[in-house]
Amino acid sequence: MKHLLKLEGMPGESMREILDSTSAIKARRGAGEAKPLDAQTWAMIFTKSSTRTRVSFEVGIRELVGSVMFLNANDMQLGRGEPIRDTARVLGRMVHGAVIRTYAQADIEEFAALSNIPTINALTDDEHPCQILTDIFTFEEARGPINGRVVTYVGDGACNVPLSWVYAAAALDFELRIAAPAEFQPSAETLAKAGGNITCTEDIQTAVDQADMVYTDVWVSMGMEAETEARLAKLAGYQINAKVMRFAKPDALVMHCLPAYRGKEIDEETFEAHSNNIFNQAENRLHTQKAIMTWLAV
Ligand code: CP
Ligand code: NVA
């Protein structure tokens, strides 16, 4: 049984298989598409808010000729304390696949182990694997192979999005630099576990120097709202703007997983200057996730 639960430990060849099939799936959209989810029903169980992930999975499942049901976890008995292990064993007898967005990585891993159906991580506190596979596809679509390139992440370097970048770096052989205050950098254990060519620094200029891609995400991830004021103060110097982009390669891509908070992690001018690529990135969630579900279904 294949799942996509995290990029940690995922072989580079599997990532490559998904990335390499995405272009063909994108090109065939609406023109004689394959039907890998024919006669299947997939459940999407979300505990956190979502725009892109929800819409791209719902559309993607339908385009692969499956049926989809969206379940707000708070409307389920889960929200009243029914354990994940019972929910997993019930859904596993009724639906053919699950897409889950929640807090604890352990919950989604428990669901996958007990449901016995393909399970996809649609974001946990630890990782956002579908996002980072999409981001790499988007980079390669615009600039060619990512191996040997320099990807710089600026901002909260310890949340789910940069952590998935950390695990992709060794597997796909690119250099990753993280510019963040020390307390917002990945732990030494995480970096040791990931291996690869990764450096963390508080110095933005060093991190962005000649980068091929400069990436950011929100400063206040879902679940961290109580820390908003402190985070805005501590991360204030880690904004992507024209001054920062002057250190990168002239054709560097600016990327953002969205939602974007202008004036915080990125300024309005830089966001709009790179909006075409950023919205290609958002669109590519659909195509990459169709490739992921196709990969899981075979
Ligand atoms: N980037 C992303 O996952 O967006 P949503 O939270 O809107 O799904
Ligand atoms: N790090 C962000 C990503 C949102 C897509 C969060 O977890 O809220």
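Just so you know, these numbers come straight off a predicted model, no measurement behind them. Atoms within a ligand are numbered from 1 in the order they appear, just like the ligands themselves. Heads up: numbering here begins at 1 and tracks the sequence.
For ligand 2, one of its N or O atoms has an N or O atom of Asp217 under 3.5 Å away. For ligand 2, the polar-atom distance check against Arg101 finds no nitrogen or oxygen pair separated by under 3.5 Å. At a 3.5 angstrom cut-off on N or O pairs, Pro259 does not count as close to ligand 1. Geometrically, ligand 2 and Asn160 share a nitrogen or oxygen pair separated by less than 3.5 Å. Annotation: Leu123 places no N or O atom under 3.5 Å from an N or O atom of ligand 1; distance criterion only.
The distance from ligand 1 to the heavy atoms of Cys257 drops below 4.0 Å at these ligand atoms: 1 (N). Close approach of ligand 2 to Val218 (heavy-atom distance below 4.0 Å) involves ligand atoms 2 (C). Applying the 4.0 Å criterion to heavy atoms of Leu258 picks out, from ligand 1, the atoms 1 (N), 2 (C), 4 (O). Near Cys159, with a cut-off below 4.0 Å to any heavy atom, the atoms of ligand 2 are 1 (N). The His128 neighbourhood of ligand 1 comprises atoms 2 (C), 3 (O), with distances under 4.0 Å to a heavy atom of that residue. Every atom of ligand 2 is numbered from 1 in the order shown, and the set under 4.0 Å from a heavy atom of Leu258 is 5 (C).
Nearest protein heavy-atom neighbour of atom 4 (C) of ligand 2: Leu123 CD1, 3.9 Å. Looking only at heavy atoms of the protein, atom 7 (O) of ligand 1 is closest to Thr51 N, 2.7 Å. Protein heavy atom nearest atom 8 (O) of ligand 2, with residue, atom name and distance: Met222 N, 2.8 Å. Annotation: atom 2 (C) of ligand 1 to nearest protein heavy atom, Arg285 NH1, 3.4 Å.
Taking the centre of each ring, Trp219 and Tyr261 stay at or above the 6.0 Å mark.
Between atom 6 (O) of ligand 1 and the options Arg52, Lys48, Arg101, the minimum heavy-atom separation is to Arg101.
Residues Glu127 and Asn121 have side chains that never bring a donor and an acceptor to within less than 3.5 angstrom of each other. Side-chain contact check for Gln281 and Asn277: no donor-acceptor pair (N or O, by modelled atom type) lies under 3.5 Å. There is a side-chain donor-acceptor pair under 3.5 Å between Thr53 and Arg285.
Stacking of Arg149 on the aromatic ring of Phe174 is not recorded, the 6.0 Å distance cut-off and the 45° axial limit not both being met. For the pair Lys6 and Tyr167, the cation-pi test (distance below 6.0 Å, angle within 45°) is failed. Taking the ring centre of Phe46 as origin, the terminal cationic atom of Arg54 falls outside the region bounded by 6.0 Å and 45° from the ring axis.
At a threshold of 4.5 Å between side-chain heavy atoms, the hydrophobic network of Ile, Leu, Val, Met, Phe, Trp and Tyr places Tyr103 and Phe111 in two separate groups.
For Thr53, the heavy-atom gap to ligand 2 stays at 4.0 angstrom or more.
Ion pairing between a basic and an acidic side chain is recognised when a charged N comes within 4.0 Å of a carboxylate O; Lys35 and Glu63 show no such pairing. Here Asp212 does not pair with Arg143 in a salt bridge; the nearest charged N to carboxylate O distance is not below 4.0 Å. Salt-bridge check for Glu58 with Arg62: passed, with a basic side-chain N closer than 4.0 Å to an acidic carboxylate O.
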